[in-house]
Each structure stands twice: as C-alpha cells, then as structure tokens.
Amino acid sequence: MTLNNQKILITGGAGFIGSHLADHLLSLNCSVIVLDNLEAFYDPAIKRRNIAHNLDNPNYQFIEGDILDMDTLMGLDDDITAIVHLAAKAGVRPSIANPVAYQESNVKGTQNMLEMARAKGITQFVFASSSSVYGINPDVPWKESNYVLQPISPYASTKVSGELLGHVYSHLYDIRFIGLRFFTVYGPRQRPDLAIHKFARKILAGEEIPVFGDGTTRRDYTFVADIVQGITAAIQYDKSQYEVVNVGNCDTVSLSDMISTIEQVFGIEAKINRLPMQPGDVPQTFADVSKAGELFGYKPSTSFKKGIEAFHQWITAEQVVEA
Ligand code: NAD
C-alpha cells in the first residue's frame, strides 16, 4: 500500500508523537485528520503549539474531540484510508493513581475506534502499544514472542488490552491491525512529564532533579523521528492481518548515563536528589527490533547523544518563546 492519496486519521495527533507524525505525513502529501481532545494531562497550550503551524495547510484538518464520544467518531469522513490510534492517557505512575480513567480512555476508547473502523470499512489500523507490556521480564532483549500477560501497572494492562481487542477485530472484521510497542520516546516536543524533559528543565533552572533508584535502571530510548519512521512503514504494511511489533532503538542507556549525557550536551552539572524506586517502574526495557526490520525495513538511526543534542536545541528555543 502506498501513501499516495491516503487520508489518514491520527487520534492524539496534537500530542508529542502524533504531531511529529502529522508533520511527516503532510510532507509526503497525505491528507491528515487529527482528532484530539487536548486533555489537561499536561498543558493544552503545548498541544496547540504542536499543531499551530499546520492549521492553514489545506491537507490538514484538526478536530477537537474525544474518542469516548461515538457521535464524534461516526461524524468523521467516510473516506479515511488508515487510522493511527495514538490517543491515550499516557504514563505509568499516574495510572496507578487513576486506573479507572486509564481503562476508560485506553481500552473503551480503543474499542470505540475499532467499532468506528468497522462501521466505516476502514481496514488499516495502527495502534500505539508500549514496551510496558513486557512487565519485568528479565530475558532481554524483548521479542514479540515473549509472554506479555503479566503487566505491572494499570497503564501497561490497558496496552495489552488494546492489542487483544485489535486481534478480535482483525479476526472478525478483516481489519489489518498493527500494534507498535514503542520504547521510551524522546526528542523535540517530548511530553513534559517524561524524565528527559523534566530533568532538562530543572537542570536549566539550576534545580535538583529527582532520581528514583540508584541510577542503574536502563531504558531503550528511541528518538521520535525513528518512531515516526516505524509508524509510517506500518501504515503501508499489507502482508498480514495482525502483527505486534517492537519499535525501539535496540540499545539501552542507564539512568546515570542518561543524566551524564544531558550534563555533557547542556554543559551544566545536575544536582541530584536520590529517591526510592517507584511502584510500577520496571528495571529495564530493551527492544529486539529484528521483526520490525524484517516486516517493514525499520532501522533506527539516531544515537542517544545526537537525539539529546536535537532535544537541547529545541528546548533552549522553546524557553525563548516561553520567556
Ligand atoms: P501525548 O500525551 O503527548 O499524546 C496523546 C494525545 O492524546 C494527547 O494530545 C491527548 O490530548 C490525546 N488524548 C488523550 N485522551 C484522549 C481522548 N479520550 N480523546 C482524544 N484525544 C485524547 O503522548 P505521546 O507521548 O505522544 O504518546 C502517544 C501514544 O504513544 C500514546 O498512546 C502512548 O501511550 C504511546 N506511547 C508513548 C510512549 C512515549 O515514550 N512517549 C511510549 C510507549 C507508548
């Protein structure tokens, strides 16, 4: 399937990953519809800024609306060719404080999207799953064939549920469902609740950074342009009806090395406030990305240092805008 003449619906398209995906698809001459309720998990003004540069583009349509509202979904265009479903309540720790809201948005919301796809005959559905589905599996790097029915946070369980619902709809209704398990995504416009962004702001302000654990936890940080490459390939994938696929970097960085890379790139020493590990946090994430390579030629190309340099450039420019 090529991208020519496609009309792609991105739910959650005003957020971090979705706004980059919209930019990329527009650059490839696709039509893009973004549906996002601009929820207040973080400042909606940030989301408005993420999309502002596209609002005058005739190939771009922004709809402020909720995936929990079936009337809104059924009112969307009938000639949408693919759905990239990114809208969700994100974040592991807040899901422990508010599990029912996560269930609503992430599970019922995903089912609504699948129902809408079924009703409108939209047969390509890409879903944002997460590395958190692997729980605390010590057997790294994680492969898609690993057992994932032991998540350790409400958020992770909603992502497992999304993958399961996708299988049902793919089996019953011929909807091609590609669940992409993203591994800690970072880069310009990164969500302000995520560690790299939070640390960067505090370091720039000369404040202490809260560091949970002894610094040995490891994350497979994946630069947002690499994630966008994976999503774009999944939109075009047509060889099978149901797949779950890791989209990571296949390289892990310890928390201590993450902080020292920020220090090095920003040229500022961090003040560290060491705190105990948080419930729901996993000790490590590590993607085997060979399946994504085989299925759709996915190949992450941004080193952590290069990615942090791009993030540094963005956040220093942002601070000028905010000042
Ligand atoms: P984000 O919060 O920046 O984007 C999500 C967007 O969804 C937001 O703009 C929000 O307003 C919107 N949204 C939330 N609930 C909605 C609803 N009910 N109706 C309509 N819109 C709604 O998050 P992100 O980091 O860009 O993540 C995008 C997706 O990728 C999410 O599904 C997330 O769980 C998944 N993911 C992200 C990461 C990461 O490291 N950022 C890792 C794994 C998976």
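In this chain, numbering begins with 1 at the start of the sequence shown. Every value quoted in this text rests on a predicted model; they were computed, and no experiment measured them. All ligand and atom numbering here is 1-based and tracks the order in the structure.
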*Could you tell me which atoms of ligand 1, counted from 1 in the order shown, lie closer than 4.0 angstrom to a heavy atom of Gly65?*
19 (N), 20 (C)
_So for Thr11, does at least one of its heavy atoms come nearer than 4.0 angstrom to any atom of ligand 1?_
no
*Backbone N or O of Phe223 within a donor-acceptor pair of the Asn249 side chain at under 3.5 Å?*
no
*Check whether any heavy atom of Phe183 sits under 4.0 Å from an atom of ligand 1.*
no
*Is a side-chain donor or acceptor of Ser161 paired with a backbone partner of Val107 at a separation under 3.5 angstrom?*
no
*Identify the protein heavy atom lying closest to atom 3 (O) of ligand 1, giving its residue, its atom name and the separation to 0.1 Å.*
Tyr42 OH, 2.5 Å
*Any idea which atoms of ligand 1 are less than 4.0 Å away from a heavy-atom of Thr184?*
40 (O)
*Between Asn246 and Tyr134: side-chain donor-acceptor atoms closer than 3.5 Å*: yes
*Where on Lys159 is there a heavy atom closer than 4.0 Å to ligand 1, on the side chain, on the backbone, on both, or on neither?*
side chain
_Test your reading of the structure: does Phe41 have an N or O sitting under 3.5 Å from an N or O of ligand 1?_
no
*Below 4.0 angstrom from a heavy atom of Ala128, which ligand 1 atoms are there? Numbered from 1 as shown, please.*
29 (C), 30 (O), 32 (O), 35 (C)
*Starting from atom 19 (N) of ligand 1, find the nearest protein heavy-atom neighbour and note its residue, name and distance.*
Ile67 N, 3.0 Å
*Proximal atoms of ligand 1 relative to Leu38 (non-hydrogen, under 4.0 Å)*: 11 (O)
*By number and element, which atoms of ligand 1 are closer than 4.0 Å to a non-hydrogen atom of Leu86?*
28 (C), 29 (C), 31 (C), 32 (O)
*Are Arg118 and Tyr173 in a cation-pi setup, meaning NZ or CZ lies under 6.0 angstrom from the ring centre and within 45 degrees of the ring axis?*
yes
_So does His197 get a backbone contact from the side chain of Gln190, meaning a donor-acceptor N/O pair under 3.5 Å?_
yes
*Tell me which part of Lys47 gets within contact of ligand 1: side chain, backbone, both or neither, using heavy atoms under 4.0 Å.*
side chain
_I'd like to check which ligand 1 atoms, numbered from 1 as shown, lie under 4.0 Å from a non-hydrogen atom of Ser129._
43 (C), 44 (C)
_If you take the nearest heavy atom of each of Gly187, Ala88, Gly18, Gly12, which one is closest to atom 14 (C) of ligand 1?_
Ala88
*Which residue owns the protein heavy atom closest to atom 18 (N) of ligand 1, what's the atom, and how far is it?*
Asp66 OD1, 2.9 Å
_Ala14 N/O to ligand 1 N/O under 3.5 Å_ = no
*asked:* Does ligand 1 come near enough to Leu194 that some N or O of the ligand is less than 3.5 Å from an N or O of the residue?
replied: no
*Return yes if a side-chain donor-acceptor contact under 3.5 Å exists between Thr2 and Asn4, otherwise no.*
no
*Against heavy atoms of Gly15, which atoms of ligand 1 measure under 4.0 Å?*
3 (O), 4 (O), 9 (O)
_Within reach of ligand 1, part of Ser105 (heavy-atom separation under 4.0 Å)_ = side chain
*If you measure every N/O of Asn37 against every N/O of ligand 1, is any gap under 3.5 Å?*
yes
*If we only count heavy atoms from C-beta on, is the Ile235 to Val84 side-chain gap below 4.5 Å?*
yes
*Using distance alone, with no hydrogens and no angle criterion, decide if Glu243 and Ser240 have a side-chain donor and acceptor under 3.5 Å apart.*
yes
*May I ask which of Tyr155, Tyr186, Phe127, Phe16 has a heavy atom nearer to atom 35 (C) of ligand 1 than the others do?*
Tyr155
*May I ask you to check if Arg93 and Phe212 form a cation-pi contact, with NZ or CZ under 6.0 angstrom from the six-membered ring centre and within 45° of the axis?*
yes
*asked:* Looking only at the side chains, is there a donor atom on one of Tyr169 and Gln111 sitting less than 3.5 Å from an acceptor on the other?
replied: yes
*State whether Phe296 and Lys291 meet the cation-pi test: NZ (Lys) or CZ (Arg) under 6.0 Å from the six-membered ring centroid, and within 45° of the perpendicular axis.*
no
*Could you pull out, from Leu73, Asp36, Leu21, the option with a heavy atom nearest to atom 9 (O) of ligand 1?*
Asp36
*In the protein, which heavy atom is nearest to atom 27 (O) of ligand 1, and how far is it?*
Ile17 CD1, 3.9 Å
*Between the side chains of Thr252 and Arg219, does any donor sit under 3.5 Å from an acceptor?*
no
*Lys305 vs Gln264, side-chain contact (heavy atoms from CB on, under 4.5 Å): CA-CA, chis, key distance, verdict*: CA-CA 9 Å; Lys305 172 103 186 300; Gln264 202 189 336; 3.8 Å; yes
_Please report whether ligand 1 has a polar contact with Val185, defined as an N or O pair separated by less than 3.5 Å (distance criterion only)._
yes
_Arg191, Glu104, Lys89, Arg219: member with heavy atom nearest to atom 1 (P) of ligand 1_ = Arg191
*Is ligand 1 under 4.0 Å from a heavy atom in the side chain of Ser131, in the backbone, in both, or in neither?*
neither
*Should Phe177 and Phe127 be marked as a ring pair (Phe, Tyr, Trp, His ring centres under 6.0 Å) after you check the CA-CA gap, both sets of side-chain angles, and the distance that decides it?*
CA-CA 7 Å; Phe177 182 96; Phe127 169 66; 5.7 Å; yes
_Distance flag, aromatic centroids of Tyr186 and Phe304, threshold under 6.0 Å_ = yes
